[in-house]
Number of protein chains: 2
Amino acid sequence: MSAVPTGERQPAVPEDRVTINDVARLAGVSRQTVTRAMNDMSGISAETKARVLRAAARLEYRPNRAARAMVRGPGTTLGLVIRSLWNPFFAEIAESVIDAVHARQWNLHLSYVGSNGRDALSVVRDMAPEVDAIVGYLPPDISRELPSFTGPLIQLDISGTTGQDAGFRFDLTHDLGLVVQRFADSGRRGVAMIDGSVHGGPSVRAPIFTELAREAGVLDDRVGVTLTDESPEGASAAVREMLDRSPDVDGLFVFNDVMALGVMHELTRHGLTIPDDVAVIAMDGIRLGAYSSPPLTTVDLDPRGLGHAAVAAVGDVLAGDAPRRGRGAQWQRRHALLVRQSG
Amino acid sequence: MSAVPTGERQPAVPEDRVTINDVARLAGVSRQTVTRAMNDMSGISAETKARVLRAAARLEYRPNRAARAMVRGPGTTLGLVIRSLWNPFFAEIAESVIDAVHARQWNLHLSYVGSNGRDALSVVRDMAPEVDAIVGYLPPDISRELPSFTGPLIQLDISGTTGQDAGFRFDLTHDLGLVVQRFADSGRRGVAMIDGSVHGGPSVRAPIFTELAREAGVLDDRVGVTLTDESPEGASAAVREMLDRSPDVDGLFVFNDVMALGVMHELTRHGLTIPDDVAVIAMDGIRLGAYSSPPLTTVDLDPRGLGHAAVAAVGDVLAGDAPRRGRGAQWQRRHALLVRQSG
DNA sequence: GAGGCGTGCGTGAGCGTTCACGGCGATCTG
DNA sequence: CAGATCGCCGTGAACGCTCACGCACGCCTC
């Protein structure tokens with residue numbers, strides 16, 4: 001018995017694929033001449049080139065990318081894994097990663113973990129054999145689940161974990177300090193938080209925020225943190241539930257911008273005005289936040305900068321200029337508060 | 001002199017790449033045994049497998065994707081070109097395309113045309129040699145500029161063009177009829193349009209809308225159509241300009257949802273209430289439209305359905321079940337009005 | 001008119017991997 | 001105990017393309 005793969009395999013190789021030899025034969029030239037014609041190389045006459053291109057078109061010839069990549073060198077492919085694309089925060093990160101990757105002549109594989117019911121591990125497992133490096137929002141220490149993947153793996157947010165993952169660590173004490181300060185400055189005394197569930201559990205932002213808010217004397221201790229889905233729908237529901245429990249909340253810190261949209265929607269529906277009755281501050285800095293009503297006050301996480309930085313980090317690791325794991329591969333970022341009208 | 005390429009080339013092939021033979025030598029086995037270990041195949045003992053995997057890890061061996069693809073068959077790669085990702089409409093399309101492509105075990109190349117200053121033609125030119133099919137928002141008859149690309153090319157919106165491009169044609173007379181009807185039913189008499197500039201010029205939606213609106217007697221002829229950037233910023237500016245010219249507009253049809261966000265922002269800033277003073281209706285059906293204030297009335301273009309349909313169409317063409325160009329490769333779509341509070 | 005040069009084209013080799021097949025001991029079977 | 005079977009492993013070939021050469025021919029130069 002011959003060795004067989006355990007899992008099923010690709011649809012096998014098609015019979016009818018047309019190769020460079022077919023084109024050469026039809027055009028009455030050699031392989032090399034076809035190559036010259038297809039790749040705009042010198043050393044070929046105009047007539048011959050035209051004849052070859054005509055033959056190629058007639059056969060619907062498409063050069064085999066794998067064969068070409070093999071001899072030319074494989075290039076670099078980056079894998080990006082984010083949570084949903086419909087959330088503009090991740091979409092903006094994706095945009096900047098696309099830009100940065102294109103500038104380096106790399107390829108990109110994009111996937112997302114979200115409403116499609118796929119979990120991060122299975123997405124990354126599928127992606128790993130196809131890419132040279134991975135960037136994304138992934139569970140801590142995921143590289144332990146991927147022993148066969150030896151390329152660089154960079155987390156877009158490792159705040160809160162103490163592991164050895166490479167990635168970006170947000171200075172939450174600084175960032176959330178700004179938020180708390182803002183609530184205090186505008187005289188709020190009953191601030192609560194709507195948290196978004198990340199890998200099934202609460203976020204790291206919640207305990208840090210509540211501690212800072214309590215210290216500053218602005219926290220509504222009766223309400224505290226409400227945990228819900230990372231979506232406007234979830235946020236709306238959380239607000240309804242919260243308003244039932246405690247009608248006198250006067251400030252809300254929301255996990256992210258799209259959730260804040262759901263929050264403001266729900267507050268308005270209940271006849272509350274923002275920010276007079278309830279101030280709303282969120283985190284992300286999406287472009288559309290400037291056009292909500294009222295415009296959203298938020299921590300500007302600078303998604304475009306984050307994407308660029310991540311690609312640059314991958315480049316450094318690949319070039320051997322940065323360590324692959326551990327403290328030396330963790331970069332801290334601190335952000336500014338984008339003050340608009342909502343809080 | 002030997003033939004040389006005209007343009008510059010990839011960074012050439014690196015010297016230090018580690019191949020399957022290096023692993024085999026270190027583990028003291030043959031190529032084939034390394035293959036068996038790496039691909040979880042049968043016909044290998046547990047000890048040997050472990051030894052091989054250890055050797056592979058030590059050398060940081062990564063199988064060459066090109067070589068593998070060459071013998072296994074190349075698979076299918078789809079290219080998707082959209083205008084911006086930060087606009088949730090396109091992002092939602094991208095999500096559904098990712099899902100559909102993943103379900104078929106295809107690969108995806110995603111690129112966008114937008115604020116990065118790249119035009120559609122150059123993006124597609126870069127992409128064409130790397131993919132087997134292209135889906136996107138592209139200028140009419142773009143395939144004429146790509147003689148070397150012989151794969152299927154499917155436009156996500158060919159409304160208005162009369163060419164031979166394959167793609168989806170929106171039944172704008174139907175869809176915009178719904179919008180006009182809605183304005184008429186709510187007693188509007190001074191409706192104008194904020195149009196988004198697509199490939200440098202006005203959209204196809206503008207003339208059809210104005211004609212229908214005029215016929216229904218709801219059009220504000222003094223204002224008509226204001227053309228601007230496809231962005232909330234552009235839309236805000238357009239509203240300012242329009243309000244100067246004619247203060248008694250009572251209904252606004254906006255090119256798309258994100259522009260409508262800018263429009264509503266600006267109207268609110270001018271002290272106008274929506275929909276009492278001005279009704280706003282847009283087109284797209286993004287998820288976040290339900291959470292603006294007021295929630296947005298819009299034509300539901302069903303971005304997820306569109307993405308799935310496009311991938312299915314590519315599959316049909318590739319399988320030979322659908323024509324590649326011409327009338328038979330054009331599919332019509334008509335949509336429903338999603339009535340919320342803004343109009 | 002012998003040598004040099006440039007243009008246009010073809011031939012062998014090799015990229016790294018997997019597939020088909022074959023070999024060789026050890027175990028099982030009648 | 002001869003023959004069949006099974007587990008484990010290795011060897012040639014091939015995938016389609018590009019690169020480095022080399023060859024033939026026409027033209028120019030001295």
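Proteins get letters first, then strands, A, B, ... in listed order; numbering begins at 1 in each.
Taking only side-chain atoms of B:Ser30, from C-beta outward, the nucleotide of D:dG10, C:dT11, C:dG8 with the closest atom is D:dG10. Looking at the side chain of B:Val71, the nearest of the listed nucleotides D:dC15, C:dG10, C:dG8 is D:dC15. Candidate nucleotides C:dG8, D:dG16, D:dC9 were compared by shortest atom distance to the side chain of B:Thr33, and D:dC9 ranks first.
B:Thr19 meets the side chain to side chain contact (heavy atoms under 4.5 Å, CB included) test with B:Asn21, B:Asp22; sequence neighbours excluded. In this structure, the ring pair (Phe, Tyr, Trp, His ring centres under 6.0 Å) partners of B:Phe168, at least two apart in sequence or on a different chain, are B:Trp331. The salt bridge (charged side-chain N to carboxylate O under 4.0 Å, His left out) search around A:Arg51 returns none, not counting sequence neighbours. The salt bridge (charged side-chain N to carboxylate O under 4.0 Å, His left out) test applied to A:Asp141 returns A:Arg144, not counting sequence neighbours. Under the side chain to side chain contact (heavy atoms under 4.5 Å, CB included) criterion, A:Ala91 pairs with A:Leu85, B:Leu85, B:Ala91, sequence neighbours left out. Under the rule for a side chain to side chain contact (heavy atoms under 4.5 Å, CB included), the partners of A:Arg169 that lie at least two apart in sequence or sit in another chain are A:Ile158, A:Arg327, A:Gln330, A:Gln332.
The distance from the CG atom of B:Leu59 to the CD1 atom of B:Ile20 is 12.0 Å, given to the nearest 0.5 Å. A distance of 10.0 Å separates NE2 in B:His102 from CG in B:Asn107, rounded to the nearest 0.5 Å.
Atom C1' of nucleotide C:dG10 and atom CZ of A:Arg36 are separated by 8 Å, given to the nearest angstrom. Distance, A:Met41 CE to C:dG10 P: 13 Å, rounded to whole Å. Protein atom CE of B:Met38 is 14 Å distant from nucleotide atom C1' of C:dT18, rounded to whole Å. If you take CZ of B:Arg72 and P of C:dA20, they are 13 Å apart, rounded to a whole angstrom. Rounded to whole angstrom, the span from the CD atom of A:Gln32 across to the C1' atom of C:dG12 amounts to 12 Å. Protein atom CE of A:Met70 is 12 Å distant from nucleotide atom P of D:dT18, rounded to whole Å.
Both A:Arg31 and A:Lys49 lie near DNA chain C, and the one whose nearest nucleotide falls closer to the 5' end is A:Lys49.
The stretch residues 27-81 of chain B participates, sequence neighbours left out, in no ring-ring contact (aromatic ring centres under 6.0 Å, His included) pair at all. Within the structure, ring-ring contact (aromatic ring centres under 6.0 Å, His included) contacts touching residues 121-151 of chain A (residues at least two apart or in different chains) are A:Phe90-A:Tyr137.
Near-neighbour residues of DNA chain D inside residues 57-68 of chain A, defined by a heavy atom below 4.0 Å, number-ordered: A:Tyr61, A:Pro63, A:Asn64, A:Ala67, A:Arg68. Taking every heavy atom of residues 19-28 of chain B and every atom of DNA chain C, pairs under 4.0 Å involve B:Thr19, B:Ile20, by number.
At C:dT7, none of the side-chain N or O atoms of A:Ser42 fall inside 4.0 Å of OP1 or OP2 (strictly under the cut-off). At the phosphate of D:dC8, neither OP1 nor OP2 sits under 4.0 Å from any side-chain N or O atom of B:Thr48.
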Pairs under 3.5 angstrom only: tabulate donor-acceptor contacts from the side chains of residues 305-322 of chain B to other protein residues two or more places apart or in another chain.
| unit_1 | atom_1 | unit_2 | atom_2 | d |
| --- | --- | --- | --- | --- |
| B:His308 | ND1 | B:Arg304 | O | 3.2 |

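Taking the C1' atoms of five terminal pairs at each end of the helix from C:dG1-D:dC30 to C:dG30-D:dC1, the two resulting helix axes are inclined by 40°, rounded to 10°.
Contact detail for B:Pro323 and B:Ala329: the closest heavy-atom pair is O-CB, 3.5 Å.
Among the atoms of the strands shown, base atoms are found under 4.0 Å from some heavy atom of A:Thr35.
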